[in-house]
Protein chains: 2
Amino acid sequence: MNIGEIARRAKVSRSTVSYALSGKRPVSEATRLRIQQVIDEIGYQPNASARALARGETRALGLVFPPASTHYTEMQLEFLGGVVEAAAVRDYDILMSRTGAGEDRSFQRLVGERRVDGVILMEIRLQDPRVERMRETAFPFVTIGRVADPEGTAWVDLDHQGLIRHCVQHLAELGHERIVFVNRSEGLIRLGYESARRGQDGFDLAVEEFGLTGTSYSCGDDAASGEACVQRILSDDPGTTGIVTMNEAALGGIYRGLAHAGRKVPHDMSISGIAGSRWAEAVTPALTAADVPAHEMGRIAIDLLLERISDPSAAPRHQLLTPPISLRASTAPAARRTV
Amino acid sequence: MNIGEIARRAKVSRSTVSYALSGKRPVSEATRLRIQQVIDEIGYQPNASARALARGETRALGLVFPPASTHYTEMQLEFLGGVVEAAAVRDYDILMSRTGAGEDRSFQRLVGERRVDGVILMEIRLQDPRVERMRETAFPFVTIGRVADPEGTAWVDLDHQGLIRHCVQHLAELGHERIVFVNRSEGLIRLGYESARRGQDGFDLAVEEFGLTGTSYSCGDDAASGEACVQRILSDDPGTTGIVTMNEAALGGIYRGLAHAGRKVPHDMSISGIAGSRWAEAVTPALTAADVPAHEMGRIAIDLLLERISDPSAAPRHQLLTPPISLRASTAPAARRTV
DNA sequence: TTGAAAGCGCTACCAA
DNA sequence: TTGGTAGCGCTTTCAA
C-alpha cells in the first residue's frame, strides 16, 4: 500500500495526496475529504524509510548508553523513561545504542548511516572522545553530564559538586566530624567519569570548608562491594560517624555491612547522598538524599537536542540542576563522644 | 557523501560500488581495492534510510513497553539490556516504544509506518489486544510473557505458576503453615497481567496441594505500598510466618513494615519470591528467590523474533523458563509454635 | 567482470 | 487548486 494507490483510488495525483497529508499546500476541502476517506478505508500509513529519504530527516533520536558491565541504576532507568516519553510526545522515536567509550559499530550505525537526527550521550567523562568526535562532525547532540570544557555543547547535568557539598554540610551541621565519601568504582573514577570526579571535588572542598576529617573510598556498583567497603571504613577509622555516597547500587551493601558491624543507622552512623527518590525510599531506613529528577532530565535532554536539530546555528544551551536534599531517616545528630 | 561520489572517484559504476560493499556479486580484486581505498579516504557510510527503502527492511526492531505509571523494575532494565546487546551483535537497532495497551501513535509509527522489521511486546496480558492485532496483520512479533492462548505466537516466558508453587513448597518444607502471597497491584491484576495472574494461580494451587492456609494480597509497586501491605497482613493474621511475593518494587517496604512491627526476617517471618538476582542480593537480608534470567530472556526474545522475520512461514517457537530458587538469607524454619 | 537503468515510496519544485 | 516529475541514495535486474 503506497501513496500511488491512494492517489489512484481518490482520482488525484500523488502530489496532491502528499500535500493533503502534510498540509504544506492548500487542498480543497472536497478532495481532502475524498483522500481521507480512501486512506481510512485502506488503512494507509506512509512508509517511514521513504519519507526519511525524501525529507532528509528520520524523526528518530539516538540514546547512547554504556554497556551493562557498568550496572544500570534506577536513575538511568528513570532517565530513559523521561527521554522516551518526551520524544514520543514530539513524534520522535528513540533508538538505543549500547556503546563503550570508543569507536563502535552500533554508534557508527546511528550517526554514520544517519539513522537518527541527533543523539543523546550518557555517562560522560571529563575528557570524552565521543564528544570530541561529535563536535567535529557537527552532528546534533546533547550530553547528560558535561565534559571538562563544555563550551559550545548542549548539556543537562546535576551539580554533583554542589550536591555532595550540601550532603557534607548537612552532616557537619548535625555535628559529625569524621566522615567518609563512598564514590563509585575505581575504574569509573580512573576513566574520568564526570559525576564521580566532580562529586569527589565537592567532597574534598567541603571537608576543607567545614573543617572536617574526610576520607574517600571507591566502591564497586553492587551490594557486595558496598559491604566490603564498610568493613574497610570501620577498620580504618572506627570513629567514623557519617557517610556520603553517590553509589546507589552499593547502598544496600553499605546498610548490610553496618548492620553486621552492629552499627545502627542513623544512631551510630548517618548516611546521605545522591539517589533516585524511589530508591531512597525503598531502603530502610529511607535515605536522606538529593533526589535526582531523572525523568525531568530526560525531558530536558530531548528539548535541548531538538533545539540543536531545528537550529544548528544557535548557541547551544545547557541546564545545571541542583535538587534539594530530602530529609529522610538515615541521618541524625552525631552521638556525644565519650572520651 | 553518497555512492555516486564514491563511484566517480573510483571510476566505476554505482552498481559496482554497491556490489563491492555487499559482496553479492563478484568484483575483481583490483577494483574492490580501489573502491575500498576511496571509501576509507572519504569515510563513506551508506545511508540507512535509502538502504531500507531499496531493500525493504530497516534492520531495526521495536521494543514495546508500557508507560512509566507501571514502575519499571530492575528486571525490566536487565531485560532491556539483554535485548539491546543481542540485537547489536546481529546488527539490528532497537527502537523504543512506550505504549499503553490500546492503539497508540507511537505503536502505529513503529509497525504501521514500517520503521521496524518486527517487534517485541512486553508486559503481556492474558487477553492482549496488541497481540490480536499483530496476529491479524502478520507482522513479525514475539511476546515476553504469553497470552492465554499463545498458540501460533512466538514467546519467551517465566513459568510464574511453577515458580510461585516452588516458593510455597519451599516454605512448606520449612514448616510454615500460614502464609500469604503479595502479588502486584490490583490494577495490574484486574487488567489481566499474565505474570500476576499465573503467579496467583500457582499460589492458589500450591496452597491447596501442600495443605496450607494461604491468603493473597495485591500491592502497589512501591515501598510505601509494601509497608502498608505488611500492616494489613499482620493485623489480618498475626500468625502468618511466611510471605511469597512477585512484587520486587514493594519488597523494601515489606522489609521495613516487618521491622517496624518488630518481626525479624527470617526468624519471625520467612520471605521468598521471584526477583532479579541483583535486587535479591541488595536487600538485607538477601532474598531467597527464583532468579529471573532477564538478560538471557532478552537474548532469547531477539533470537525468536529474528527467526520470525527470516522465515515467517515456519512454526513460531517459544521458551518457558524455570530458573531454580537461590537460597539466601530470608527464609528459615518456622518457629515452634507455643500453644 | 562491469555498466546502465529501473525501481523502492515519498517530497517538493515547476507549471498550469 | 491541482498535476507532472525530478530527485532522495541505494539495490538489483538486464545487458554487454
Could you list all N or O pairs between the protein and nucleotides 13-16 of chain D that sit under 3.5 Å apart?
| from | atom 1 | to | atom 2 | distance (Å) |
| --- | --- | --- | --- | --- |
| D:dT13 | O4 | B:Tyr19 | OH | 3.3 |

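- For residues 11-20 of chain B, no residue pair satisfies the salt bridge (Lys or Arg N to Asp or Glu O under 4.0 Å) rule, not counting sequence neighbours.
- Comparing the local axis fitted to the first five base pairs of the helix from C:dT1-D:dA16 to C:dA16-D:dT1 with the one fitted to its last five gives a bend of 40°, rounded to 10°.
- Partners of A:Arg25 according to the side chain to side chain contact (heavy atoms under 4.5 Å, CB included) rule, which considers only residues two or more places apart in sequence or in another chain, are A:Ser15, A:Thr16, A:Tyr19.
- Take A:Pro316 and apply the side chain to side chain contact (heavy atoms under 4.5 Å, CB included) test, not counting sequence neighbours, and it matches A:Ala154, A:Arg308.
- Listed by chain and residue number, A:Arg317 satisfy the side chain to side chain donor-acceptor pair (under 3.5 Å) test with A:Glu307 (two or more places apart in sequence, or in another chain).
- Scanning for side chain to side chain contact (heavy atoms under 4.5 Å, CB included) contacts around B:Ala301 gives B:Phe79, B:Ile120, B:Ile144, B:Val156, with sequence neighbours left out.
- Screening residues 134-148 of chain A for salt bridge (Lys or Arg N to Asp or Glu O under 4.0 Å) gives A:Glu132-A:Arg135, A:Arg146-A:Asp157, A:Arg146-A:Glu194 as the qualifying pairs, with residues at least two apart or on separate chains.
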Which pairs of donor and acceptor atoms, one on a side chain in residues 37-55 of chain A, lie under 3.5 Å apart (sequence neighbours left out)?
| from | atom 1 | to | atom 2 | distance (Å) |
| --- | --- | --- | --- | --- |
| A:Asp40 | OD1 | A:Gln36 | NE2 | 2.9 |
| A:Asn47 | OD1 | A:Ser49 | N | 2.8 |
| A:Asn47 | OD1 | A:Ala50 | N | 2.9 |

Could you list the protein-to-nucleotides 6-10 of chain C atom pairs, N/O on both sides, closer than 3.5 Å?
| from | atom 1 | to | atom 2 | distance (Å) |
| --- | --- | --- | --- | --- |
| C:dC8 | O2 | B:Ala54 | N | 3.4 |
| C:dG9 | N2 | A:Ala50 | O | 3.4 |
| C:dC10 | OP1 | A:Tyr44 | OH | 2.4 |
| C:dC10 | OP1 | A:Asn47 | N | 3.1 |
| C:dC10 | OP2 | A:Ile3 | N | 2.3 |
| C:dC10 | N4 | A:Arg14 | NH1 | 3.3 |
| C:dC10 | N4 | A:Arg14 | NH2 | 3.2 |

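- Of the residues in residues 34-41 of chain A, not one comes within less than 4.0 Å of DNA chain C through any heavy atom.
- Contacts of B:Arg8 classified as side chain to side chain contact (heavy atoms under 4.5 Å, CB included), with partners at least two apart in sequence or in another chain: B:Glu5.
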